[in-house]
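The next block holds one structure in the form of structure tokens; read it before the comments.
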Amino acid sequence: MSETPSNTLQYRFDGPEEAPVLILGASLGTTWHMWDRQIPDLTRHWRVFRFDMPGHGGAPAHPCGSVGELAERLLATLDELGVQRFGYAGCAFGGAIGIELALRHPQRVASLALIAASPRFGSADEFRQRGVIVRSNGLDPIARSAPERWFTPGFAAAQPAITDWAVQMVRTTDPGCYIAACEALAAFDVRPELGRIGVPTLVLVGSEDQVTGQGEARTLVAGIPDSRLAVVPGASHLAPVEQPAAVTDLLVRHFSTAWQESHAAITPPPVKPVLSPPVAPVAPVAAIAGAEQPEAVVGAVRNYPYEAGLKVRREVLGDAHVDRALAAADDFSGDFQELITRYAWGEVWNRPGLDRRSRSCVTLTALVAGGHLDELAFHTRAALRNGLTPAEIKEVLLQAAVYCGVPAANSAFKVAQAVIREETTPQE
């Protein structure tokens with residue numbers, strides 16, 4: 001166990017000190033205990049290092065804003081311990097950290113296993129929406145729905161103790177750190193870079209995983225040159241918990257045969273799930289899983305402010321809204337889309353003088369004053385994504401009522417109330 005400054009992570013070691021280090025990374029909302037049933041077998045061969053993400057499992061609540069920042073905190077922790085080279089296995093968010101390490105610090109990673117992982121986890125809108133739900137309702141709605149996302153129905157029904165453990169694990173996570181992790185996943189997209197991963201990689205997925213399923217797994221295998229796919233029957237998203245023996249056998253086999261250090265070979269146990277042969281890339285990764293983005297105007301000048309503005313516009317308004325606006329652009333309206341992306345989003349929203357929360361407050365007030373209710377609706381959504389709570393949005397509208405007029409604020413309250421109700425109601 002460790003005492004944890006803000007630039008490192010809470011961790012624990014298991015296994016013999018002289019053995020090579022194998023790191024296990026957990027999924028969002030879980031703790032290192034999700035790997036408990038792998039530890040007895042893995043520690044026969046490796047010194048197993050597990051870590052908790054910030055705010056998870058009682059770890060100090062120092063939020064990380066990106067997957068890359070989490071990877072750097074992990075490396076800082078390992079540097080303090082003198083661990084230079086290691087194998088890495090990560091589940092879901094933990095897998096994203098493993099991908100980041102293999103891309104940015106390939107000299108540190110000897111071999112890689114990605115479980116329930118993806119080069120892009122859903123859409124940015126989905127994770128920002130989840131952050132809005134948590135900011136408005138706390139973690140209870142996410143916790144109550146965790147078993148259906150993580151386990152097959154049969155397992156959840158037959159293992160009530162594990163199901164309750166999963167719910168309580170999410171409930172005890174720090175909400176701010178959970179929201180920051182959602183923002184990190186919203187920004188994570190390494191599809192164009194998969195071909196640069198140069199370490200032997202096992203991609204493992206549960207046959208019943210509805211969160212990051214076989215489609216995402218095959219995208220990883222198609223993109224990573226030296227990779228193999230393993231499908232675990234009867235497992236959903238948290239395959240290491242639901243099918244611990246099968247996952248352990250696959251990990252032992254992979255890290256025993258693909259280890260890049262000069263350690264003695266380890267005879268692996270028999271494995272029931274069948275590994276596919278190595279799969280070579282079959283198409284440019286950018287063409288897989290809907291990577292294409294809508295174009296604005298053919299021939300438009302895409303200078304730096306435009307690209308920066310498009311990024312900010314997507315982050316604030318959401319991919320779905322921006323995609324609709326760009327897809328609807330034609331010869332008549334395309335120049336206007338170019339203008340607002342470059343000037344409003346690339347120049348003004350991208351200035352450092354105000355944070356996005358403050359800019360949302362100013363924007364809401366201006367829209368109330370102008371009576372622009374359609375724009376008020378999607379900027380209310382943007383304000384929630386930018387971190388304003390419903391209570392704070394109410395205060396902005398009350399302030400606007402004094403300076404912009406009661407009739408304008410009355411209409412604004414109706415629009416904002418409908419949007420907030422829609423955005424903050426957990427999906428059943």
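Numbers here are sequence positions counted from 1. All values below come from the heavy atoms of this structure, side chains included, with hydrogens, waters and symmetry mates left out.
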Looking only at heavy atoms, which two atoms of [X] and [Y] are closest? And how far apart?
X      : Y      : answer
His254 : Leu202 : CE1-N, 3.4 Å
Ile162 : Phe151 : CG2-CZ, 4.1 Å
Arg135 : Arg385 : NH1-O, 4.5 Å
Ala117 : Leu220 : O-CD1, 3.7 Å
Gln243 : Ala235 : CG-CB, 3.7 Å
Thr31  : Ala26  : O-CB, 3.7 Å

(request) Check step by step if side chain to side chain contact (heavy atoms under 4.5 Å, CB included) holds for Leu9 and Asp52. (result) CA-CA 7 Å; Leu9 298 173; Asp52 278 330; over 6 Å; no
Give the table of side-chain donor-acceptor pairs shorter than 3.5 Å for residues 173-183, with sequence neighbours excluded, one pair per line with atom names and distance.
unit_1	atom_1	unit_2	atom_2	d
Thr173	OG1	Met169	O	3.1
Thr173	OG1	Val170	O	3.4
Asp174	OD2	Gly176	N	3.2
Asp174	OD2	Cys177	N	2.9
Tyr178	OH	Arg130	NH1	3.1
Glu183	OE1	Arg128	NE	3.4

(message) Any side-chain to backbone donor/acceptor pair from Thr43 onto Pro40? Under 3.5 Å, distance only.
(response) yes
(message) For Ser360, give me all partners under side-chain contact (heavy atoms from CB on, under 4.5 Å), at least two apart in sequence or on another chain.
(response) Trp349, Ala383, Asn386, Leu388
(message) With no hydrogens and no angle check, just 3.5 Å: does a side-chain donor-acceptor pair link His105 and Glu72?
(response) yes
(request) Indicate whether any N or O donor in one side chain lies under 3.5 Å from an N or O acceptor in the other, for Arg313 and Gln337. (result) yes
May I ask you to test the [X]-[Y] pair for a side-chain heavy-atom distance under 4.5 Å?
X      : Y      : result
Thr201 : Leu114 : yes
His56  : Phe51  : no
Val199 : Ser111 : no
Arg356 : Val316 : yes
Pro240 : Trp35  : yes
Leu101 : Leu75  : yes
Leu364 : Leu376 : yes
Leu326 : Leu310 : yes

(message) According to salt bridge (Lys or Arg N to Asp or Glu O under 4.0 Å), who are the partners of Asp140, at least two apart in sequence or on a separate chain?
(response)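 Asp140: salt bridge (Lys or Arg N to Asp or Glu O under 4.0 Å) contacts with Arg144, Arg171.
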(message) Show, in sequence, the C-alpha distance, side-chain angles and deciding distance for Leu238 and Thr30, and conclude whether the side chain to side chain contact (heavy atoms under 4.5 Å, CB included) test is met.
(response) CA-CA 10 Å; Leu238 287 194; Thr30 73; 4.1 Å; yes
Not counting sequence neighbours, which residues clear side chain to side chain donor-acceptor pair (under 3.5 Å) with [X]? List them please.
X      : answer
Asn137 : none
Arg73  : Glu69
Gln399 : none

(request) Decide if atom CZ of Arg37 counts as having more than 12 heavy atoms of other residues, nucleotides or ligands within a radius under 6.0 Å. (result)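 No, because the 6.0 Å sphere around CZ of Arg37 holds 12 heavy atoms or fewer from other groups.
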(request) Return yes when atom CG of Asp374 has more than 12 non-hydrogen atoms of other residues, nucleotides or ligands closer than 6.0 Å, and no otherwise. (result) no
(request) Applying side chain to side chain contact (heavy atoms under 4.5 Å, CB included), run through Val190 and Leu103 and close with a yes or a no. (result) CA-CA 9 Å; Val190 294; Leu103 286 171; 4.0 Å; yes
Under 4.0 Å between a side-chain nitrogen and a carboxylate oxygen: does that hold for [X] and [Y]?
X      : Y      : answer
Glu315 : Lys311 : yes
Arg191 : Asp189 : yes
Arg120 : Glu216 : no
Asp323 : Arg314 : yes

(request) Assess whether ring-ring contact (aromatic ring centres under 6.0 Å, His included) is satisfied between Tyr11 and Phe49, documenting all intermediate values. (result) CA-CA 7 Å; Tyr11 68 88; Phe49 176 99; 5.4 Å; yes
(request) Please name the residue in the list Gln210, Glu208, Glu242, His237 that meets the side-chain hydrogen bond (donor to acceptor under 3.5 Å, both in side chains) test with Thr152. (result) Glu242
(message) Please evaluate residues Leu112 and Ile224 with respect to the criterion side chain to side chain contact (heavy atoms under 4.5 Å, CB included), reporting the C-alpha separation (whole Å), side-chain torsions for both, the decisive distance (0.1 Å), and the verdict.
(response) CA-CA 11 Å; Leu112 184 64; Ile224 300 173; 5.5 Å; no
(request) Check whether NZ of the Lys or CZ of the Arg Arg47 lies under 6.0 Å from the centre of the six-membered ring of Phe13 and within 45 degrees of that ring's axis. (result) yes
